[in-house]
Amino acid sequence: MNRKLISSGSEFESKIGYSRAVVDGNYVFVAGTTGYDYETMSISDNPVEQADQCFKNIEKALLEAGSSLDQVVRVHYIFPDKSDFEPCWPIFKKYLGTACPAATVFIAGLLDDKMKLEIEVTARI
């Protein structure tokens, strides 16, 4: 089985030693993805805007892996502030409304206080 590593270009990947996504067999595993725009290395203060950027980052990795958002089978949402979860629902529906994956929400601290959420997905190829 071939294994393929996919990078977003984030400096954290090389500093910490991880990949944005790993293709292994018929699945692609996309690591916890935040709302950073890696082209500008900026992040919005708004959790809904961050959620939208998270999915843009995830979609880019999935496409490079030969998959798509419609093939997502599991999603994990991580929020430091649980009150930010519900306002993001329309974004989740926009990107995952076709796939309707199994989902779990965690309330936990994140690496940087600027991060309002982190999302990870598993998708089929």
Side-chain angles (χ1 to χ4, degrees):
M1 231 166 264
N2 290 337
R3 187 169 179 220
K4 178 181 177 182
L5 306 179
I6 297 171
S7 174
S8 68
S10 166
E11 65 182 32
F12 296 118
E13 292 171 36
S14 62
K15 286 183 178 180
I16 299 171
Y18 74 95
S19 298
R20 171 64 48 221
V22 175
V23 177
D24 193 353
N26 293 325
Y27 288 92
V28 57
F29 304 89
V30 183
T33 304
T34 65
Y36 271 98
D37 180 335
Y38 294 111
E39 291 180 16
T40 64
M41 283 311 291
S42 64
I43 191 167
S44 170
D45 291 333
N46 182 302
V48 175
E49 291 175 5
Q50 283 193 27
D52 192 69
Q53 184 64 49
C54 283
F55 278 108
K56 289 176 182 175
N57 295 340
I58 290 167
E59 183 173 41
K60 181 179 178 189
L62 289 173
L63 291 173
E64 187 173 337
S67 187
S68 71
L69 289 167
D70 291 348
Q71 298 301 313
V72 172
V73 295
R74 176 180 290 280
V75 60
H76 291 151
Y77 301 108
I78 306 163
F79 283 87
D81 182 347
K82 67 181 176 181
S83 69
D84 287 337
F85 178 58
E86 190 170 348
C88 294
W89 290 1
I91 298 298
F92 304 157
K93 176 79 171 175
K94 172 183 170 183
Y95 287 99
L96 296 177
T98 299
C100 292
T104 302
V105 178
F106 300 94
I107 306 303
L110 297 177
L111 184 62
D112 185 328
D113 290 337
K114 294 177 194 170
M115 299 172 185
K116 305 295 183 187
L117 75 152
E118 190 170 314
I119 302 171
E120 71 174 34
V121 304
T122 303
R124 290 188 51 80
I125 300 274

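For reference, positions follow the sequence shown, starting with 1. Quick note: numbers below take in every heavy atom, side chains included, and nothing from hydrogens, waters or symmetry partners. Just so it is clear, the structure is predicted and the values come from calculations on it, not from any experiment.
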Is any NZ, NE, NH1 or NH2 atom of the basic residue among Lys56 and Asp37 found under 4.0 Å from an Asp or Glu carboxylate oxygen of the other?
-> no
Of the non-hydrogen atoms in Ile119 and Cys54, which two are nearest, and what is the gap between them?
-> CD1-CB, 3.7 Å
Side chain to side chain contact (heavy atoms under 4.5 Å, CB included) with Ile6: which of Leu63, Leu62, Val23?
-> Val23
Heavy-atom pair with the smallest gap, counting every atom of Glu118 and Gly32 | OE2-CA, 3.3 Å
Give, for atom CZ of Phe29 and atom OG of Ser19, the distance between the pair rounded to the nearest 0.5 Å.
-> 13.0 Å
Closest non-hydrogen atom pair, Val72 against Pro101 = O-CB, 3.5 Å
Starting at SG of Cys100, measure out to NZ of Lys93 and round the result to the nearest 0.5 Å.
-> 5.5 Å
Judged by modelled atom types alone, do Ser44 and Asn46 share a side-chain donor-acceptor pair under 3.5 Å?
-> no
CG (Leu110) and CG (Leu117) are apart, to the nearest 0.5 Å, by 7.5 Å
Cluster link Ile125 to Val30, ILVMFWY, side chain under 4.5 Å = yes
What distance separates Phe85 CZ from Ile78 CD1, expressed to the nearest 0.5 Å?
-> 12.5 Å
Under 3.5 Å, side chain of Arg20 to main-chain N/O of Leu5, donor-acceptor pair present?
-> no
Neighbour count above 12 (heavy atom, 6.0 Å) for Asp81 CG | yes
Common cluster, Leu96/Trp89, ILVMFWY with side-chain heavy-atom separation under 4.5 Å = yes
Path from Val121 to Tyr38 over hydrophobic side-chain contacts below 4.5 Å = no
N/O donor-acceptor pair under 3.5 Å between Gln50 side chain and Lys114 backbone = yes
Could you walk me through whether Val75 and Tyr95 pass the side-chain contact (heavy atoms from CB on, under 4.5 Å) test, one step at a time?
-> CA-CA 12 Å; Val75 60; Tyr95 287 99; over 6 Å; no
Least distance between heavy atoms, Ala123 atom then Ser67 atom = CB-OG, 3.6 Å
Nearest 0.5 Å, what's the CZ-CZ distance between Arg124 and Arg74?
-> 14.5 Å
Might you confirm whether atom CG of Asp112 has over 12 heavy atoms from other residues, nucleotides or ligands at distances under 6.0 Å?
-> yes
Hey, what do you get for OG1 (Thr33) to CG (Asn57), rounding to the nearest 0.5 Å?
-> 6.5 Å
Shared hydrophobic cluster, Val73 / Tyr77 (ILVMFWY, side-chain heavy atoms < 4.5 Å) = no
Is there a path from Tyr36 to Ile58 through hydrophobic residues (I, L, V, M, F, W, Y) whose side chains come within less than 4.5 Å of each other?
-> no
Considering all heavy atoms of both residues, which atom of Lys116 and which atom of Phe79 are nearest to each other, and what is their separation?
-> O-CD2, 3.5 Å
